**Q** 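Pasting in a structure now, in structure tokens, and then I'll have a few things to ask.
A note on names: the letters A, B, ... follow the listed sequences, proteins ahead of strands, and every chain is numbered from 1. These numbers come from a predicted model, not from an experiment.
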Amino acid sequence: MPEDQHFVVVGASLAGLRGAEALRAAGYKGRISVVGDEDRLPYNRPPLSKKILTGEQAIEEVSFPLADDLGVDWHLGAAATGLDIAAQRVTLANGTALVYDRLLIATGVSPIMPQIPGRDLDGVHVLRDFAHAVKLRGALTPGRSLVILGAGFIGCEVAASARQMGLNVTIVDRLAWPMNRVMGPEMAGLFRTIHEEQGVSFRMEAAVAAFRGEGKVTGVELAGGEVIPADLVLVGVGSAPATAWLRDSGLVLQNGVVCDAACLAANGGGKIAAAGDVAAWPHLGYGAEVMRMEHWTNAFEQGAAAALALISDAPEPYLPLPSFWSDQYSYKIQALGRPKVDDRIEVVAGDLESRKFVAEYRDDAGVTGVLSVNMPARIAGYRRDLGAAIRQRATGL
Amino acid sequence: MVKIHVDMSLCEFHGQCVFIAPKEFRFEGDDLVYSEEVDEEHRARVERAAKACPQLAIKVE
């Protein structure tokens with residue numbers, strides 16, 4: 001790509017930063033502009049639900065280190081509001097217009113706030129951004145009662161952090177088991193037990209009817225009429241791709257920005273790609289199933305892959321090994337692959353009783369995924385083997 | 001020489017460094033061990049490993 005070109009990245013978080021870094025590493029010397037809606041340089045989100053809340057890590061320490069020669073024009077505190085594909089122009093909330101030669105979309109996701117009465121009360125929190133974490137951290141005072149709506153990873157991580165800080169914690173979810181979607185009921189049951197031992201109460205298979213209070217939340221009313229007292233509430237029921245600014249652009253939006261196998265956006269004419277939580281692409285290692293991943297490792301890898309696809313003559317399919325982790329209490333949970341609900345689970349190292357184990361998920365074709373609890377040393381080998389298997393399936397070798 | 005330091009108060013044993021730079025980082029039992037100094041020729045790999053750490057626990061000089 002010639003040096004007089006302008007590469008614009010919309011989204012100043014991990015995927016966008018990795019995109020800019022990958023361009024420089026590939027020798028691109030032209031202009032790079034990065035647009036971010038928050039008034040902050042890129043920072044690392046995972047600590048926001050863990051060590052930032054408990055105070056084990058200072059909030060200033062989450063900024064990503066930036067190379068002196070990265071050479072990026074930052075447009076921060078300026079959300080993108082529109083995209084004109086024909087004019088190759090992105091407009092920002094502050095009135096700026098950026099004309100691009102190549103565009104990487106990495107706007108991530110926004111937390112979903114369900115239409116529950118009382119959702120605007122003080123003390124009802126979501127957690128995604130730096131500002132959310134600062135606000136939530138300020139409200140986590142020992143002895144207060146926290147009700148968490150949603151038993152996914154964010155909810156369970158905040159529950160662990162809040163219990164460590166001496167709050168009373170109740171988790172409410174419509175589903176039967178916490179973190180079930182990724183771990184299966186057997187492993188989810190183990191984690192429910194761990195949280196219960198730490199003093200967390202669960203109200204599973206329960207729907208929330210309303211948040212109660214005058215000006216400030218004081219309780220969470222369940223569908224049956226029961227009210228759980230609450231000094232604060234965290235809503236962690238999932239996220240939606242941040243694509244509102246692309247609504248009239250002509251790009252294909254369907255649970256994210258729809259891309260081809262190399263992360264180039266449909267209808268983007270080869271000049272637009274998407275990466276990170278916002279990108280939906282057919283994964284050729286999984287039968288071209290369209291995937292969207294909300295995990296750190298994917299943002300890290302896809303940011304680079306999508307940026308390079310935009311300056312490549314022959315973009316390669318993006319073939320990541322799904323990979324995620326969670327830290328709760330003293331438990332380090334790591335998972336690889338893409339297990340299905342009816343896969344067989346076999347503990348291949350350690351044992352469930354000691355809560356230190358590696359479990360393989362298998363179907364008739366072999367290992368589909370791996371879950372490790374407090375045995376991180378085993379994961380590197382699986383990362384290599386499962387990654388190789390994905391590339392083999394994709395190339396049909 | 002390239003100097004490596006891992007802040008073990010931040011390390012959560014994700015093992016990304018072990019995967020990317022197995023010569024410099026490895027697990028021994030449940031511990032992460034790493035080379036504190038390596039030759040300049042390995043700098044690129046070590047820096048890739050540091051960048052891939054989700055905890056930002058690895059410093060390379």
Side-chain angles (χ1 to χ4, degrees), chain A residues 14 17-18 21-22 25 42-47 50-52 56-58 60-67 157 295-301 303-304 321 323-328 330-336 349-350 356 370 372-387, chain B:
Chain A
L14 177 58
L17 172 62
R18 281 291 294 150
E21 289 175 340
Y43 61 89
N44 201 26
R45 293 182 195 276
K50 309 180 197 83
K51 288 186 172 174
I52 295 302
E56 291 167 84
Q57 192 176 357
E60 301 76 30
E61 288 174 17
V62 295
S63 296
F64 285 116
L66 299 177
E157 288 173 0
H295 298 303
W296 193 96
T297 311
N298 182 59
F300 181 83
E301 294 174 348
L321 169 65
S323 164
F324 70 91
W325 79 87
S326 181
D327 299 314
Q328 299 169 29
S330 62
Y331 299 96
K332 299 175 200 319
I333 308 164
Q334 294 168 296
L336 298 175
K356 190 172 153 65
V370 179
S372 153
V373 174
N374 282 358
M375 292 192 91
R378 298 290 188 112
I379 283 287
Y382 281 107
R383 199 180 289 282
R384 187 174 54 239
D385 296 346
L386 292 175
Chain B
M1 294 293 274
V2 180
K3 285 190 177 160
I4 305 172
H5 176 73
V6 180
D7 183 339
M8 294 309 295
S9 74
L10 293 178
C11 174
E12 293 282 7
F13 305 93
H14 294 300
Q16 294 281 5
C17 54
V18 175
F19 180 63
I20 291 170
K23 288 196 175 71
E24 289 79 17
F25 300 87
R26 66 185 183 281
F27 285 114
E28 281 185 7
D30 289 340
D31 290 328
L32 177 74
V33 296
Y34 62 96
S35 311
E36 294 182 357
E37 278 195 346
V38 299
D39 288 337
E40 198 62 37
E41 61 185 299
H42 305 307
R43 178 179 289 278
R45 183 172 65 224
V46 170
E47 286 184 345
R48 267 206 315 281
K51 204 172 269 301
C53 174
Q55 305 297 127
L56 311 184
I58 305 173
K59 299 277 178 289
V60 179
E61 286 173 32

**Q** So for Ala50(B), is it side chain, backbone, both, or neither that comes closer than 4.5 Å to the heavy atoms of chain A?
**A** neither
**Q** With a 4.5 angstrom heavy-atom cut-off, which part of Leu10(B) approaches chain A: side chain, backbone, both or neither?
**A** both
**Q** Mind listing the closest non-hydrogen atom pair of Ala377(A) and Gly29(B) along with its distance?
**A** CB-O, 3.7 Å
**Q** Suppose we count any N or O donor within 3.5 Å of an acceptor, strictly below that value; which pairs fall between chain B and chain A?
**A**
residue: Ser9(B); atom: O; partner: Lys51(A); partner atom: NZ; Å: 2.8
residue: Glu12(B); atom: OE1; partner: Lys332(A); partner atom: NZ; Å: 2.6
residue: Glu12(B); atom: OE2; partner: Lys51(A); partner atom: NZ; Å: 3.3
residue: Phe13(B); atom: O; partner: Gln334(A); partner atom: NE2; Å: 3.2
residue: His14(B); atom: O; partner: Gln334(A); partner atom: NE2; Å: 3.2
residue: His14(B); atom: NE2; partner: Trp325(A); partner atom: NE1; Å: 3.3
residue: Asp30(B); atom: OD1; partner: Lys356(A); partner atom: NZ; Å: 3.2
residue: Asp30(B); atom: OD2; partner: Lys356(A); partner atom: NZ; Å: 2.5
residue: Lys51(B); atom: NZ; partner: Glu21(A); partner atom: OE1; Å: 3.4
residue: Lys51(B); atom: NZ; partner: Glu21(A); partner atom: OE2; Å: 3.0
residue: Pro54(B); atom: O; partner: Asn44(A); partner atom: ND2; Å: 2.5

**Q** Just to verify, what does Ala49(B) make a side-chain contact (heavy atoms from CB on, under 4.5 Å) with, not counting sequence neighbours?
**A** Cys17(B), Ile20(B), Ala21(B), Phe25(B)
